[in-house]
Amino acid sequence: MINNKKIIVIMPAYNAEKTLEKTYNEIYQNFVDEIILVDDFSSDNTKEIAKDLNITTIVHEKNKGYGGNQKSCYRAALKAGADIVIMLHPDYQYTPKLLPAIASMMAFGEYDAVIASRMLGNSALKGGMPMYKFVSNRFLTEFENALIGEKLSEYHTGFRGFTREILEKLPLEDCSDDFIFDNEMLALILFNGYKIGEISCPTKYFAEASSINFIRSCKYGLEVLGVSLKYRLAKMGCKVKLFNSDGRVLDTEKELVYYNKRQG
């Protein structure tokens with residue numbers, strides 16, 4: 001705990017057997033109350049390794065997509081009583097050593113959400129981010145900032161934390177089950193007046209680190225442009241489904257299939 005807030009780290013996993021243990025070993029266990037991994041129907045030994053590490057593990061009986069995986073992660077964290085939930089990819093691309101700093105920024109009430117930015121301090125290029133990804137990231141971020149009216153350094157990092165209030169109140173059930181989920185979630189947070197903090201995060205790009213291919217990156221980019229335009233239209237008073245006040249919040253009553261529950 002930090003400031004009497006229960007901290008839960010969630011790991012949306014897919015074929016992460018080569019990097020999971022390394023990621024797990026760098027988590028400071030003395031302040032994290034629980035780690036929850038959701039295996040999105042991996043074809044490797046991700047769930048077995050997670051069980052060996054005594055991680056609470058949920059297994060999807062079919063692949064639900066990156067966004068669908070996160071929804072299960074957040075449902076499980078809420079059911080476990082989390083006050084603060086931090087998403088850490090188990091592919092070892094982001095350093096787990098920043099978890100205490102990210103949690104503290106929310107635990108003391110300064111921010112409602114925190115993103116670990118690869119763009120602050122040029123850590124993306126230093127860590128080996130492909131140039132086309134870097135250029136597209138910068139373009140999309142500037143486009144979003146212009147339409148949304150913010151000054152975030154990036155919207156596309158996969159290392160991020162949220163307070164319980166955000167996860168309970170925002171209509172995350174209406175968000176996509178695909179990669180655009182991350183972007184839709186940040187747009188909802190800003191649309192509803194919550195504060196997002198940023199922290200510089202070094203990253204690593206290597207063969208085992210998960211990444212979407214060029215075609216899916218292009219699809220994601222077009223969807224990001226669409227989310228930004230929808231945000232601006234909603235702010236202008238137009239009815240936009242994603243930003244409706246009567247959207248569906250996460251259903252914590254949905255069944256979660258536990259492969260392992262942490263002992264001790």
Side-chain angles (χ1 to χ4, degrees), residues 12 65-71 87 89 93-94 102 105 111-162 166 170-203 205 209-245 247:
Y66 176 62
N69 192 328
Q70 280 193 65
K71 291 175 186 178
M87 177 175 71
H89 290 181
Q93 186 178 102
Y94 302 92
I102 292 172
M105 292 170 72
Y111 295 99
D112 305 297
V114 176
I115 58 175
S117 172
R118 298 164 294 179
M119 297 300 154
L120 292 173
N122 291 323
S123 61
L125 289 177
K126 291 177 182 176
M129 176 184 273
M131 182 56 70
Y132 83 89
K133 286 183 177 288
F134 178 82
V135 172
S136 60
N137 188 307
R138 300 308 307 137
F139 168 76
L140 291 172
T141 295
E142 292 303 318
F143 183 89
E144 289 178 273
N145 279 334
L147 266 68
I148 292 175
E150 292 291 331
K151 293 185 178 179
L152 296 181
S153 65
E154 79 158 316
Y155 289 78
H156 317 292
T157 173
F159 193 7
R160 44 181 68 191
F162 310 102
I166 281 178
L170 295 185
L172 301 180
E173 201 71 59
D174 286 340
C175 291
S176 171
D177 286 340
D178 206 349
F179 288 103
I180 196 62
F181 175 90
D182 275 350
N183 202 253
E184 291 177 334
M185 188 175 184
L186 287 185
L188 281 169
I189 290 169
L190 293 169
F191 187 82
N192 286 278
Y194 291 108
K195 291 194 302 180
I196 298 178
E198 291 188 275
I199 186 170
S200 177
C201 178
T203 54
Y205 287 81
S210 62
S211 182
I212 59 177
N213 60 36
F214 180 75
I215 299 298
R216 296 203 73 181
S217 294
C218 292
K219 178 177 180 288
Y220 170 80
L222 291 173
E223 290 173 331
V224 166
L225 300 179
V227 171
S228 304
L229 290 169
K230 290 175 185 177
Y231 181 101
R232 176 47 49 199
L233 289 171
K235 280 294 185 181
M236 293 169 60
C238 299
K239 292 193 68 174
V240 179
K241 182 179 179 181
L242 179 63
F243 300 101
N244 281 348
S245 58

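None of these values were measured; they are calculated from a predicted model. Sequential numbering from 1 along the given sequence is applied to the chain's residues. As a basis for the values below, the full set of heavy atoms in this structure was taken, side chains included, without hydrogen atoms, waters or symmetry mates.
Residues G221 and L140 share a closest heavy-atom pair of O-CD2, 3.7 Å. Residue C175 comes nearest to L188 through the heavy atom pair SG-CD1, 3.5 Å, listed as atom of the first residue, atom of the second, then distance. Nearest approach of C201 to F159, heavy atoms of both residues: SG-CD2, 3.9 Å.
Remark: Y111 pairs with no residue by the side-chain hydrogen bond (donor to acceptor under 3.5 Å, both in side chains) rule, at least two apart or across chains. Among residues two or more places apart in sequence or in another chain, the side-chain contact (heavy atoms from CB on, under 4.5 Å) test is passed with S176 by D178, I180, E184. Scanning for side-chain hydrogen bond (donor to acceptor under 3.5 Å, both in side chains) contacts around D174 gives R248, with sequence neighbours left out. N145 meets the side-chain contact (heavy atoms from CB on, under 4.5 Å) test with T141, E150, L152, Y155; sequence neighbours excluded. Partners of D182 according to the side-chain hydrogen bond (donor to acceptor under 3.5 Å, both in side chains) rule, which considers only residues two or more places apart in sequence or in another chain, are Y66, Q70. For E144, the side-chain hydrogen bond (donor to acceptor under 3.5 Å, both in side chains) criterion is met by H156, N183, not counting sequence neighbours.
Within the 4.5 Å cutoff, the side chain of I115 has heavy atoms near those of the L186 side chain. In this structure the side chain of Y220 never reaches within 4.5 angstrom of the side chain of R216, judged on heavy atoms.
At least one donor-acceptor pair closer than 3.5 Å links the side chain of S200 to the backbone N or O of L120.
To the nearest 0.5 Å, atoms CG (L170) and CZ (F162) are separated by 9.5 Å. Here NE2 of H89 is found 6.0 Å from OH of Y94. Values are rounded to the nearest 0.5 Å. Put simply, NZ on K151 and CD1 on I196 are 15.5 Å apart, with the number rounded to the nearest 0.5 Å.
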* To do: Output, in order, the C-alpha distance, side-chain angles, deciding distance and verdict of side chain to side chain contact (heavy atoms under 4.5 Å, CB included) for V114 and R160.
  => CA-CA 6 Å; V114 176; R160 44 181 68 191; over 6 Å; no
**Message:** N137 vs M119, test: side chain to side chain contact (heavy atoms under 4.5 Å, CB included). Steps then yes/no.
**Reply:** CA-CA 9 Å; N137 188 307; M119 297 300 154; 3.3 Å; yes
Checking S117 against I199 for the side chain to side chain contact (heavy atoms under 4.5 Å, CB included) test, could you report, in this order, the C-alpha distance in whole Å, the side-chain angles of both residues, the deciding distance, and whether it holds? CA-CA 6 Å; S117 172; I199 186 170; over 6 Å; no
Does F191 form a side chain to side chain contact (heavy atoms under 4.5 Å, CB included) with I148? I'd like the steps, not just the answer.
CA-CA 8 Å; F191 187 82; I148 292 175; over 6 Å; no
Residues 222-237, side-chain donor-acceptor partners within the protein, below 3.5 Å, at least two apart:
residue	atom	partner	partner atom	Å
E223	OE2	K219	NZ	2.8
S228	OG	V224	O	3.1
R232	NE	L147	O	2.8
R232	NH2	L147	O	2.5

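Each salt bridge (Lys or Arg N to Asp or Glu O under 4.0 Å) pair with one or both residues in residues 112-123, not counting sequence neighbours, appears once here: R118-E154. Applying the side-chain hydrogen bond (donor to acceptor under 3.5 Å, both in side chains) test to residues at least two apart or on different chains, the pairs with a partner in residues 188-198 are S153-E198, E165-Y194.
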